[in-house]
Amino acid sequence: LHLTPEPRTPAEAARIAAVTAPPDDPAAPQRFEGISAGKATVRARPGPDAFSIPSASLDFEGEMRFRLGNGLFRRLWVSAPASTIASDGLGPLYNARGCQNCHLRDGRGHPPEGPEDNAVSLLIRLSVPDPAVSDLEGYLAARPDPVYGEQLQDFAIQGQKAEGRIAVTWTEIEVPLAGGESAVLRRPAWRIEDPGFGPLPPDLMISPRVAPQMIGLGLLEAIPVEDILALADPDDADGDGISGRPNVVQSVEFGAPMLGRFGWKAGVPTVRQQSAAAFAGDMGLSSHLFPAPWGDCTVAQADCRAARHGDDAEHDGVEIGYEALDLVVHYSRNLGVPARRDVDDPQVLHGRTLFHAAGCAACHRPAFVTHRLPDRPEHSFQLIWPYTDLLLHDMGEGLADHRPEAQATGTEWRTPPLWGIGLTETVSGHSTFLHDGRARSLLEAVLWHGGEAQSARDTVVGMEPADRAALVRFLESL
């Protein structure tokens, strides 16, 4: 997918342009827009397992591999040595014992809800300034902390010490809205307490990240690079105030620069690299992509590096062997996207009109058609509705973490996909949004938008209450 698998014919390009164009009838659903993921779409279930269904496009063998991958995704890992070598190698430092601990029911994580709530579905990325110039043009000057690494691990196996504890203080901000209404936002102040390996450097940059939902990743990976790049407008040549740009990152898998698609700042190019990086950083489990058996432990953490690890010959000399990683990648690529709800509801249709009129669709692009992929027919040539452009956008100081990542600045974030967002509370048991979970509702998430999205946010603030309710109702239908 780092190369163009097969160029499209002019006739295909014309068909795709027509089917992905904005709606021309505000009173009627677009053709196929209720089928969010094409033939991969699954029925929207009413219970908390709505994000855990295998893609409807999988054949029998694909579904069997999906269920095997699900078993690994749910596995709780233990430290080495253990009686079952298939499950050992955790840590020595880690954030969670299993993938499902963060992506509970394959849904969205949340920030800690008090001092007694551990931050298992939220982690802190770490960086310090780096004057060295990267080999990849456009990379910004930052590197992992020399003592604490690339992320804070707040758990440790027996005999080791955790790196610290994540804490947050909230400040409330009232925002007046048209029609006599108001909303209360909460601004977080994140900090690291009880550092286990000495004082934190004064120039440390931190970025909190909640675990994102898992649905539709294989389809996002199958969107043609050229279709995403065609949406980029880094110099705002069309004057609409939107200047999305790609994050080009180094692929560990292919050893070459690639388009970043995954992560809050589009810092990862493929589902395989994302999965292997999570095993390494979140659980301290090695793979052929990230072979260090101690995960994110630095040279300053000698006891961690010297601890017993689980890199057994039976698993290709690492803790997550080739087949195990393949199964988890297959599972992650094929979690089904639920069908839209209430697509023809008049309030939903009115909200869709407002969504486009406010300019939200300039970044949250509704539709794409995936590549023709002979080796992955389940993702091949599908009309999908993820509501993202997968590009970076400057979201202003209100959402800034001031921590660069690859080519992304401290104020830029990737446009997150919106499909499935209306089922967040059903699946995850909460309705918190944005990269650090600060927003407690979809309206709060909109009100935090700034920078390139300031105009759209101000339009929503100025709407009459009935229009704002319709806009939220539309988002809840996705």
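Remember, predicted model here, so these are calculated numbers, not experimental data.
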Test side chain to side chain contact (heavy atoms under 4.5 Å, CB included) on V369 and I384; report intermediate values, then the result. CA-CA 6 Å; V369 173; I384 62 173; over 6 Å; no
Considering only heavy atoms from C-beta outward, does the side chain of [X] approach that of [Y] to under 4.5 Å?
{"X": "W190", "Y": "P111", "result": "yes"}
{"X": "Y322", "Y": "H288", "result": "yes"}
{"X": "I223", "Y": "R261", "result": "yes"}
{"X": "L126", "Y": "L204", "result": "yes"}
{"X": "C99", "Y": "M283", "result": "yes"}
{"X": "H371", "Y": "E221", "result": "no"}
{"X": "P92", "Y": "Q301", "result": "no"}
{"X": "N101", "Y": "L76", "result": "yes"}

With a 6.0 Å cut-off (strictly less than), is the heavy-atom count around [atom1] of [X], excluding the residue itself, greater than 12?
{"X": "E61", "atom1": "CD", "value": "no"}
{"X": "R15", "atom1": "CZ", "value": "no"}
{"X": "R31", "atom1": "CZ", "value": "no"}

When you measure from the side chain of [X] to the backbone of [Y], do you find a donor-acceptor pair of N or O atoms at a distance under 3.5 Å?
{"X": "T370", "Y": "A222", "answer": "no"}
{"X": "Q382", "Y": "A40", "answer": "no"}
{"X": "Q273", "Y": "V252", "answer": "yes"}
{"X": "Q153", "Y": "D282", "answer": "no"}
{"X": "E412", "Y": "E405", "answer": "no"}
{"X": "S380", "Y": "R376", "answer": "no"}
{"X": "H110", "Y": "R108", "answer": "no"}
{"X": "R272", "Y": "V329", "answer": "no"}
{"X": "N247", "Y": "L392", "answer": "no"}
{"X": "Q30", "Y": "A21", "answer": "yes"}

Once you measure the plane-to-plane angle for [X] and [Y], does it fall in the parallel (<30°), tilted (30-60°) or perpendicular (>60°) bin?
{"X": "H364", "Y": "H449", "result": "tilted"}
{"X": "W77", "Y": "F279", "result": "perpendicular"}
{"X": "W413", "Y": "W264", "result": "perpendicular"}
{"X": "Y148", "Y": "F197", "result": "perpendicular"}

Minimal non-hydrogen separation, [X] against [Y], with atom names:
{"X": "P144", "Y": "V128", "value": "O-CG2, 3.8 Å"}
{"X": "P188", "Y": "V168", "value": "CB-CG2, 3.7 Å"}
{"X": "H393", "Y": "C363", "value": "CE1-SG, 3.5 Å"}

For a quick check under 3.5 Å, do [X] and [Y] share a side-chain donor-acceptor pair by atom type?
{"X": "R403", "Y": "S127", "answer": "yes"}
{"X": "S477", "Y": "R340", "answer": "yes"}
{"X": "S55", "Y": "E378", "answer": "no"}

Residues D401, R125: salt bridge by 4.0 Å N-O rule: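 Here D401 does not pair with R125 in a salt bridge, since their nearest N and O are not under 4.0 Å apart.
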Evaluate salt bridge (charged side-chain N to carboxylate O under 4.0 Å, His left out) for R365 paired with D227, printing each intermediate quantity in order. CA-CA 11 Å; R365 295 282 178 157; D227 289 3; over 6 Å; no
Between atom [atom1] of [X] and atom [atom2] of [Y], what is the distance when rounded to the nearest 0.5 Å?
{"X": "R75", "Y": "L285", "atom1": "CZ", "atom2": "CG", "result": "10.0 Å"}
{"X": "S207", "Y": "L152", "atom1": "OG", "atom2": "CG", "result": "12.5 Å"}
{"X": "D296", "Y": "L123", "atom1": "CG", "atom2": "CG", "result": "10.5 Å"}
{"X": "D389", "Y": "R414", "atom1": "CG", "atom2": "CZ", "result": "9.5 Å"}
{"X": "L434", "Y": "L442", "atom1": "CG", "atom2": "CG", "result": "9.5 Å"}

Just checking, R438 and W448: is the charged tip under 6.0 Å from the six-membered ring centre and within 45° of the axis?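 Satisfied, under 6.0 Å and within 45°.
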Kindly indicate, with the supporting measurements, whether the criterion side chain to side chain contact (heavy atoms under 4.5 Å, CB included) is fulfilled by M64 and L58. CA-CA 9 Å; M64 287 297 295; L58 289 177; over 6 Å; no
Between D394 and S243, does the side chain to side chain contact (heavy atoms under 4.5 Å, CB included) criterion hold? Intermediate values first, please. CA-CA 8 Å; D394 188 330; S243 51; 5.9 Å; no
